[in-house]
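In what follows, a single structure is set out as structure tokens and then discussed.
This chain uses plain numbering: 1 for the first residue, then up along the sequence. Side chains included, hydrogens not; waters and symmetry mates left out as well; all remaining heavy atoms used. All values reported here derive from a predicted model rather than from experimental measurement.
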Amino acid sequence: METMRSMVKDGVTPDVVSFNCLIAAYTAAGAPHRGLGWLQRMQQWSATTPIMPDVVSYTTVMVGFARAAEPKRAVEVLRMMEEADVKPNVLSYTAVVDGCAAAGQVEQAAAWLKRARAAGVAPNVVTYSAVAK
């Protein structure tokens, strides 16, 4: 956060990568709710600035919620992503699958695996491993 403030103070305009780094820092620190807050700010600012959340922005928050065993929140972020016309990728679906598995929701994890395939996203070894664990 301090680095972002310094950027702005020095006249450097943050971009999507800057915000994605901030979101990643919060989610890595176990604070996906804070990462979600920055994602939501990006969404609001996208109406007046060229800064728009991308697949990395959303997926990073989803991974944070998956690690926190909060699959319902990861699914909410996936829905936000779809509403913003950002196409989820294999990492996005894997985050939801992993979150469900971490919460002991095996049937939901398998269902999200099927949804990924139905959306035309090919699951990878990490996606299948998340269900298996």
Side-chain angles (χ1 to χ4, degrees):
M1 189 62 218
E2 198 56 41
T3 302
M4 290 284 271
R5 286 188 185 121
S6 294
M7 283 177 68
V8 173
K9 183 180 174 188
D10 291 342
V12 178
T13 304
D15 61 7
V16 68
V17 175
S18 307
F19 282 95
N20 285 349
C21 288
L22 183 62
I23 290 168
Y26 279 121
T27 58
H33 298 280
R34 301 278 309 265
L36 177 60
W38 280 103
L39 174 64
Q40 291 168 326
R41 285 186 185 122
M42 284 177 71
Q43 286 180 312
Q44 292 167 351
W45 292 334
S46 69
T48 58
T49 69
I51 300 170
M52 297 182 68
D54 62 9
V55 68
V56 174
S57 312
Y58 291 98
T59 301
T60 302
V61 174
M62 292 165 58
V63 167
F65 283 123
R67 287 183 183 152
E70 293 187 56
K72 189 174 186 177
R73 297 304 305 268
V75 170
E76 289 172 11
V77 176
L78 180 71
R79 300 275 188 243
M80 288 172 52
M81 183 180 198
E82 292 172 333
E83 289 172 14
D85 290 326
V86 176
K87 186 176 179 186
N89 63 18
V90 66
L91 299 175
S92 309
Y93 283 103
T94 299
V96 173
V97 169
D98 192 43
C100 291
Q105 300 171 357
V106 179
E107 285 109 26
Q108 289 87 344
W112 278 103
L113 181 68
K114 289 179 186 177
R115 288 183 190 180
R117 280 194 228 111
V121 176
N124 62 22
V125 68
V126 178
T127 315
Y128 285 104
S129 296
V131 176
K133 76 175 181 181

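Within the 4.5 Å cutoff, side-chain heavy atoms of Gln105 are placed close to those of Pro71.
Considering CD of Gln44 and OG1 of Thr49, their distance stands at 11.0 Å, rounded to 0.5 Å.
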Would you give me the side-chain donor-acceptor pairs under 3.5 Å for residues 27-38, sequence neighbours excluded?
{"residue": "Thr27", "atom": "OG1", "partner": "Ile23", "partner atom": "O", "Å": "3.3"}
{"residue": "Thr27", "atom": "OG1", "partner": "Ala24", "partner atom": "O", "Å": "3.1"}
{"residue": "His33", "atom": "ND1", "partner": "Arg73", "partner atom": "NH1", "Å": "3.3"}
{"residue": "His33", "atom": "NE2", "partner": "Glu70", "partner atom": "OE2", "Å": "3.4"}
{"residue": "Arg34", "atom": "NH2", "partner": "Tyr26", "partner atom": "OH", "Å": "3.1"}

Tell me which donor-acceptor pairs under 3.5 Å the side chains of residues 54-66 have, and how far apart each pair is, sequence neighbours excluded?
{"residue": "Asp54", "atom": "OD1", "partner": "Asn20", "partner atom": "ND2", "Å": "3.1"}
{"residue": "Asp54", "atom": "OD1", "partner": "Val56", "partner atom": "N", "Å": "3.1"}
{"residue": "Asp54", "atom": "OD1", "partner": "Ser57", "partner atom": "N", "Å": "2.9"}
{"residue": "Asp54", "atom": "OD1", "partner": "Ser57", "partner atom": "OG", "Å": "3.0"}
{"residue": "Ser57", "atom": "OG", "partner": "Asn20", "partner atom": "OD1", "Å": "2.5"}
{"residue": "Ser57", "atom": "OG", "partner": "Asp54", "partner atom": "N", "Å": "3.0"}
{"residue": "Tyr58", "atom": "OH", "partner": "Gln43", "partner atom": "NE2", "Å": "2.9"}
{"residue": "Thr59", "atom": "OG1", "partner": "Val55", "partner atom": "O", "Å": "2.8"}
{"residue": "Thr59", "atom": "OG1", "partner": "Ser92", "partner atom": "OG", "Å": "2.7"}
{"residue": "Thr60", "atom": "OG1", "partner": "Val56", "partner atom": "O", "Å": "2.6"}

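Linking Ile, Leu, Val, Met, Phe, Trp and Tyr residues whenever their side-chain heavy atoms come within less than 4.5 Å places Tyr93 and Tyr128 in a single cluster. The cluster map of Ile, Leu, Val, Met, Phe, Trp and Tyr, joined by side-chain heavy atoms under 4.5 Å apart, puts Leu39 and Val17 in the same cluster.
Ala103 and Ala69 make their closest contact through CB-O, 4.1 Å (heavy atoms, listed as atom of the first residue, atom of the second, distance). Nearest heavy atoms, Ala109 versus Val131: O-CG2, 4.0 Å. When all heavy atoms of Met42 and Pro53 are compared, the closest pair comes out as CE-CA, 3.5 Å.
By the 6.0 Å contact criterion, CE on Met52 is open, its count of non-hydrogen atoms from other residues, nucleotides or ligands being 12 or less. Arg115 CZ: more than 12 foreign heavy atoms inside a 6.0 Å radius.
Partners of Asn124 by side-chain contact (heavy atoms from CB on, under 4.5 Å), not counting sequence neighbours, listed by chain and number: Val90, Thr94, Val126, Thr127.
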